[in-house]
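Working notes for the structure below.
Predicted model only: the values in this text are computed from it and were never measured.
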Amino acid sequence: MSRAISSWCVAGLAALAVQAVAAAPADSRKCGELHAVANASPGFVPRYGAVVVGTGRARLYTAPDAACDSGRFLIPKDRVTVYTPYKEWVQVLFIHPKTGEDTMGWILDSRLKTTGTMGPR
């Protein structure tokens with residue numbers, strides 16, 4: 001991974017951490033600790049592309065736990081890059097196709113279908 005991409009990933013994680021503090025539930029320390037454990041397991045490397053499936057909003061979490069709701073969500077047909085798997089969860093990066101805004105978070109793997117690509121075409 002190039003130094004520029006590595007720096008971008010660190011900056012993205014720092015931005016997510018700031019968002020997590022603002023939107024995290026009362027036990028934000030637990031969510032932060034769980035995020036650190038889950039994110040360290042196989043390393044922070046893009047794995048594959050996926051698309052959101054199912055109906056309704058797919059909630060994003062600050063850590064792989066339903067108690068760690070970030071207040072953000074994806075909708076069906078949104079495309080993401082999958083990073084770190086942890087139990088039934090995966091960490092994803094979503095880049096809004098019109099604004100270019102990027103959002104990272106944890107989502108239940110069952111809400112995704114693998115596309116085999118690394119994001120939108």
So salt bridge (charged side-chain N to carboxylate O under 4.0 Å, His left out) across residues 52-65, not counting sequence neighbours, yields Lys30-Asp65, Arg59-Asp69
Look up atom CD in Glu88 and atom CG in Asp109, then write down how far apart they are to the nearest 0.5 Å.
9.0 Å
Once rounded to the nearest 0.5 Å, what's the spacing between atom OG1 of Thr62 and atom CE of Met104?
12.5 Å
Is there a side chain to side chain contact (heavy atoms under 4.5 Å, CB included) between Thr115 and Arg79? Walk through the geometry before answering.
CA-CA 9 Å; Thr115 61; Arg79 293 182 173 270; 3.4 Å; yes
Heavy-atom check, side chain of Thr55 versus side chain of Pro76, under 4.5 Å:
no
I need the minimum non-hydrogen distance between Pro64 and Leu34, along with the two atoms involved.
O-CD2, 3.6 Å
Answer yes or no: is there a side-chain heavy-atom contact under 4.5 Å between Val52 and Ile75?
no
Could you state the interatomic distance from OG1 (Thr103) to CZ (Phe94), rounded to the nearest 0.5 Å?
7.0 Å
Has the side chain of Arg111 got a donor or acceptor atom that lies under 3.5 Å from a matching backbone atom of Val53?
yes
Between Thr114 and Gly116 (side chain of the first, backbone of the second, donor and acceptor by atom type, cut-off under 3.5 Å), is there such a pair?
no
Closest approach of Ala63 and Cys31, non-hydrogen atoms and distance?
CB-O, 3.1 Å
From Leu74 CG over to Leu60 CG, what is the distance, rounded to the nearest 0.5 angstrom?
4.5 Å
Val82 with Val51, same ILVMFWY side-chain cluster at under 4.5 Å
no
Of all the heavy-atom pairs spanning Ala58 and Ile107, show the shortest one and how long it is.
CB-CD1, 3.7 Å
Criterion ring pair (Phe, Tyr, Trp, His ring centres under 6.0 Å) against Tyr61, the qualifying member of Trp89, Trp106, Phe73
Trp89
Test side chain to side chain contact (heavy atoms under 4.5 Å, CB included) applied to Val90 and Leu112, step by step
CA-CA 9 Å; Val90 290; Leu112 299 176; 3.5 Å; yes
